[in-house]
Amino acid sequence: MKICSIYNIIIMVIGREVFLIFKHLTKRIFLISIISITSLTLLVAWVSFNWSKKILYQQFVKVSSNYFTGSNNNISQFLNGIAELSKLISANPALVYTLKNDRFVPGTDQILKSTASGLNLDVVGIAIYGKGYSYSSISGMTPLDTLLKNPAIEDFSMSPEKNSLWVSRYKDISLLYNDSIDYRDGVLSYLLKMYDKEKNVVGYALVDIDVKTIFNFFDNQNRIFDGNSIYIIRDKEDVLPSPYNNSSEKISGADLKKVKDTKGYFVSSDGKKLILYDNVADMDIKTAMAIPIKNAFGKSTEYIGIFIIFTAVFFVFSIYIACALDKSITRPLTHIYYKMKSFK
């Protein structure tokens, strides 16, 4: 009896210790399960959120690039149309005769004026230049000797291989037109050599269009372009902002240095804008578009809400898993404990 009592006491003491160990183990299993699953859930949510931001940014760049490229293609088509219609001037026999013989042919003024209005409303004016004769559809057109001071135009006049040239002119442009016309922001000039029947150069035709016409090709109501700004970059240093821009902010000097000779894009120095740029025809000018990068994440708040719900659901699920693990491990041990306790 005495031995049995001692044995029972030992069993009870051991059983109590085992019970305390089981209880402590239960808490640890529960806590570790919750921490592990919650941490994994948060990690998955964080990775998923950043991955989705990356996807949104890539789509943002793709959509912006496609739109920007499409706008520049439309500009090229517009300039090609101006160039094709300008050939009507160089092919007009009366104008060729006028330049070749330095004689005024009646109706020359009407030919130029009708051609100007037929080309496009954005045409500033049209002029023809010969060795001793010149005529323009408006007063104040640039004299030939002034034109030839432009290195690109001088090179064009001296090159037998070049028949036409697009060139940007904006320096001292206010001196080249009469007071009733304000094109101080500059013009895009198309020059075309005029030939006689013997294929000899008898003069030049000049068509000027307002440089701000370029901005008309960037008009999109897509929310992704909210707050965007359009610019024309000339000679890699002069920046002309579109009159339609919402702000007067220009491209910074640091960002101008990032503009390469070919088309491309980059993130602005302040990290707030995506800047795309491309060449215009063969001129030393580029179009540029700056779009706030925050537009790329306009729907990110919706993703944040989804991830919060996702995390909350998995947190509740982790509690369920912890309880399940707790019971699956401790229940058999608890059952053994009660077996030992009942053993006398």
Side-chain angles (χ1 to χ4, degrees), residues 38-80 212-233 236 239-281 285-315:
T38 303
S39 299
L40 181 61
T41 302
L42 292 174
L43 178 62
V44 170
W46 181 82
V47 171
S48 300
F49 180 71
N50 283 277
W51 176 78
S52 65
K53 284 184 65 176
K54 182 179 180 180
I55 295 299
L56 286 173
Y57 177 75
Q58 290 175 344
Q59 291 178 341
F60 170 71
V61 172
K62 183 177 180 180
V63 171
S64 301
S65 298
N66 289 341
Y67 166 71
F68 186 66
T69 299
S71 296
N72 279 282
N73 288 340
N74 291 335
I75 293 172
S76 296
Q77 292 178 11
F78 167 75
L79 296 179
N80 289 337
K212 293 191 292 294
T213 302
I214 298 298
F215 296 127
N216 296 333
F217 293 91
F218 296 91
D219 181 21
N220 194 295
Q221 303 301 317
N222 194 323
R223 287 191 303 170
I224 198 174
F225 301 117
D226 285 349
N228 72 336
S229 299
I230 308 298
Y231 305 94
I232 290 176
I233 303 174
K236 301 179 181 179
V239 178
L240 176 66
S242 169
Y244 309 119
N245 290 351
N246 294 324
S247 69
S248 58
E249 184 181 359
K250 290 188 175 183
I251 298 177
S252 67
D255 288 333
L256 275 177
K257 294 179 180 179
K258 297 180 181 179
V259 176
K260 307 298 181 182
D261 292 335
T262 56
K263 63 183 294 186
Y265 65 88
F266 59 89
V267 176
S268 61
S269 300
D270 60 9
K272 295 181 179 180
K273 294 180 179 180
L274 174 69
I275 299 179
L276 305 99
Y277 60 90
D278 197 359
N279 298 312
V280 177
I285 71 170
K286 298 180 185 294
T287 54
M289 181 169 69
I291 314 172
I293 291 180
K294 66 179 182 180
N295 292 359
F297 311 114
K299 294 185 177 181
S300 61
T301 52
E302 298 177 12
Y303 286 95
I304 292 175
I306 292 173
F307 289 134
I308 291 175
I309 295 173
F310 173 80
T311 304
V313 169
F314 267 80
F315 179 75

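Inter-residue side-chain proximity for Phe60 and Asn295 is flagged as met; some heavy-atom pair is nearer than 4.5 Å. Side-chain contact between Phe217 and Asn73 is absent, with no heavy-atom pair separated by less than 4.5 Å. Put simply, the side chain of Ile75 reaches to within 4.5 Å of the side chain of Asn72, judged on heavy atoms. A 4.5 Å side-chain heavy-atom check between Pro292 and Asp226 finds every atom pair outside the cut-off. Between Ile275 and Val259, every side-chain heavy-atom pair lies at or beyond the 4.5 Å cut-off.
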**Request:** Just do the side chain to side chain contact (heavy atoms under 4.5 Å, CB included) check on Leu240 and Phe215 with the steps written out, would you?
**Result:** CA-CA 10 Å; Leu240 176 66; Phe215 296 127; 4.2 Å; yes

**Request:** Test Val280 against Leu79 for side chain to side chain contact (heavy atoms under 4.5 Å, CB included), laying out the working first.
**Result:** CA-CA 9 Å; Val280 177; Leu79 296 179; 3.8 Å; yes

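Scanning all heavy atoms of the two residues, the minimum distance from Lys258 to Ser268 falls at NZ-C, 4.0 Å. Contact detail for Ala288 and Ile251: the closest heavy-atom pair is CB-CD1, 3.9 Å. Nearest heavy atoms, Lys250 versus Pro241: CE-CD, 3.9 Å.
Here the side chain of Tyr231 pairs no donor or acceptor atom with the backbone of Tyr277 at under 3.5 angstrom. No donor-acceptor pair closer than 3.5 Å links the side chain of Ser229 to the backbone N or O of Ala290. No donor-acceptor distance shorter than 3.5 angstrom exists from the side chain of Asp278 to the backbone of Thr69, with no hydrogens or angles considered. Counting only distance, with no hydrogens or angles, the side chain of Lys286 and the backbone of Lys260 share a donor-acceptor pair below 3.5 Å.
The neighbour count for Tyr265 OH, taken as heavy atoms of other residues, nucleotides or ligands under 6.0 Å away, does not exceed 12.
In this structure, Phe218 and Tyr67 have perpendicular ring planes: the angle between them is above 60°, well past the 30° mark.
Atom CD1 of residue Ile293 and atom OH of residue Tyr57 lie 5.0 Å apart, to the nearest 0.5 angstrom. Residue Gln58 holds its CD atom at 13.5 Å from NZ of Lys53, rounded to the nearest 0.5 Å. Once rounded to the nearest 0.5 Å, the distance linking CG of Leu274 with CE of Met289 reads 7.5 Å. Atom OG in Ser252 sits 9.5 Å away from atom NZ in Lys273 (nearest 0.5 Å).
Ion pairing between Glu249 and Lys272 fails under the 4.0 Å rule for side-chain N and carboxylate O. Under the 4.0 Å criterion applied to side-chain N and carboxylate O atoms, Lys236 and Asp261 are assigned as salt-bridge partners.
Between Phe68 and the choices Thr287, Val63, Ile230, the side-chain contact (heavy atoms from CB on, under 4.5 Å) rule is met once, by Thr287.
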